[in-house]
Amino acid sequence: MKILITGRIPESVLADLKSEHEVETNPYDRPMARADLLAAVKDKDGLLAMVTDRIDRELLDRGPKLRMIANCAVGYDNIDLAEATARKIPVSNTPGVLTDATADLTFGLILAVARRILQGDKRVRAGEFRHWAPLLFLGTEVHGKTLGIVGLGKIGQAVAKRARGFSMRVLYHNRRRREQSTEMDLGVDYRDLPTLLGESDFVSLHVPLSAETRHLIAAEELGLMKRSALLFNVSRGPVVDEKALVEALRSRTIAGAGLDVYEHEPALTPGLTDLDNVVLLPHVGSATIETRTAMARLAAENLLAGLKGEVPPNCLNCRELGRDRR
Ligand code: GLV
């Protein structure tokens with residue numbers, strides 16, 4: 001069968017796919033142009049997609065032979081799942097394998113903003129480290145602070161585990177409150193969102209993007225946070241109203257932010273890069289050699305299973321398609 005892989009993946013995974021199917025790849029370290037993507041799906045049976053590909057009605061119309069779509073990401077807001085389901089195409093994602101890498105990066109951002117790590121690096125490189133002084137480059141403590149986790153799924157839980165190592169008090173908000181045993185194991189306390197925002201020193205977002213979570217954090221929510229608080233987003237950009245965030249950072253409604261994702265990615269809201277109280281990363285939550293290899297491998301496994309007519313291990317819509325084993 002014919003497969004399209006829209007981004008570069010490790011050679012070993014590519015070789016496995018090539019041993020079973022005819023493979024077309026995007027050899028560049030950038031997303032495929034929309035027109036190229038639409039042209040390339042024309043004769044394909046399987047698609048191994050990246051988070052930057054918009055898999056919508058138009059694309060599905062152009063790929064009438066598609067019988068399996070494997071997203072190389074845990075989030076799948078880039079895919080119109082209802083449209084794929086209507087066309088009886090199984091869709092999969094890559095949960096689990098990127099949980100720890102993303103939680104690690106969350107703590108990287110927390111430390112970077114709280115301890116002004118990037119500002120310090122910039123100062124040293126500029127040749128401006130002339131002396132040590134007791135009140136220079138003061139940040140804020142991380143250990144012992146209150147962390148508010150919004151979205152206590154796999155990644156949110158992994159962040160909570162790390163927070164224990166920093167002796168933090170951890171609050172969480174989730175659409176459905178977790179079992180008491182989970183709360184006890186993780187040492188986390190449930191709060192409604194406004195209360196969590198008001199009590200936390202650091203707020204970290206770990207929800208999937210949906211109609212419900214779009215602009216979950218906007219001007220009103222930012223206004224509920226402490227003036228000393230820091231906001232972190234390693235989920236999806238549109239969860240935060242970025243214009244409202246720029247304004248809140250500018251006016252010091254909150255003290256700082258760390259972002260790995262953007263509302264109009266890769267475009268940035270004007271004013272964001274002028275601020276010195278924000279650390280900006282290029283969507284690298286899962287970007288380690290180990291994790292990106294595991295994600296590609298899992299996406300490939302799902303793709304191969306789907307093309308064989310089996311139930312892919314991480315199928316998102318197989319129940320709706322009546323193809324679930326459970
Ligand atoms: C990356 O953003 C992912 O959803 O895996």
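The chain is numbered in sequence order, starting from 1. Just so it is clear, the model here is predicted, and its values are computed rather than measured. For ligands, and for the atoms within them, numbers begin at 1 and follow the listed sequence.
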Check your understanding: Does a sphere of radius 6.0 Å around NZ in Lys161 hold more than 12 heavy atoms from other residues, nucleotides or ligands, not counting ones at 6.0 Å or beyond?
Key ->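 Check fails, neighbour count at 12 or below.
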**Study point:** Residue pair Asp192 / Thr195, side-chain donor-acceptor N/O under 3.5 Å
**Key:**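 Yes, a side-chain donor-acceptor pair sits under 3.5 Å.
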Check your understanding: Is a side-chain donor-acceptor pair under 3.5 Å present for Ser167 with Lys145?
Key ->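 No, because no side-chain N or O of Lys145 sits under 3.5 Å from a partner of the opposite role on Ser167.
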Practice item. Give the numbers and elements of all ligand 1 atoms closer than 4.0 Å to a heavy atom of Leu98. Key: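 Here the atoms of ligand 1 in question are 5 (O).
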Check your understanding: Gly75 heavy atoms, cut-off 4.0 Å: which ligand 1 atoms fall inside?
Key ->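 Within the 4.0 Å cut-off of Gly75, ligand 1 contributes 3 (C), 4 (O).
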Is there at least one pair of N or O atoms, one from [X] and one from ligand 1, spaced under 3.5 Å apart?
{"X": "Val74", "value": "yes"}
{"X": "Arg236", "value": "yes"}
{"X": "Ala73", "value": "no"}
{"X": "Thr94", "value": "no"}

Review point. Would you call the rings of Phe202 and Phe232 parallel, tilted or perpendicular, where under 30° means parallel and over 60° means perpendicular?
Key: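 Rings of Phe202 and Phe232: perpendicular, as their planes differ by over 60°.
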Review point. Of the protein's non-hydrogen atoms, which lies at the shortest distance from atom 2 (O) of ligand 1, and what is that distance?
Key: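 Checked against all protein heavy atoms, atom 2 (O) of ligand 1 sits closest to His283 NE2, 2.6 Å.
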Exercise for review: Answer yes when Arg227 and Asp201 have at least one side-chain N-carboxylate O distance shorter than 4.0 Å, and no when they do not.
Suggested key: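 Salt bridge: no.
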Check your understanding: Are any of the side-chain nitrogens in Arg178 or Glu183 under 4.0 Å away from the carboxylate oxygens of its partner?
Key ->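 Result for this pair is no, no salt bridge flagged.
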Check your understanding: Which bit of Val261 is near ligand 1, meaning a heavy atom under 4.0 Å away: side chain, backbone, both or neither?
Key ->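 It is neither part, as no heavy atom is under 4.0 Å.
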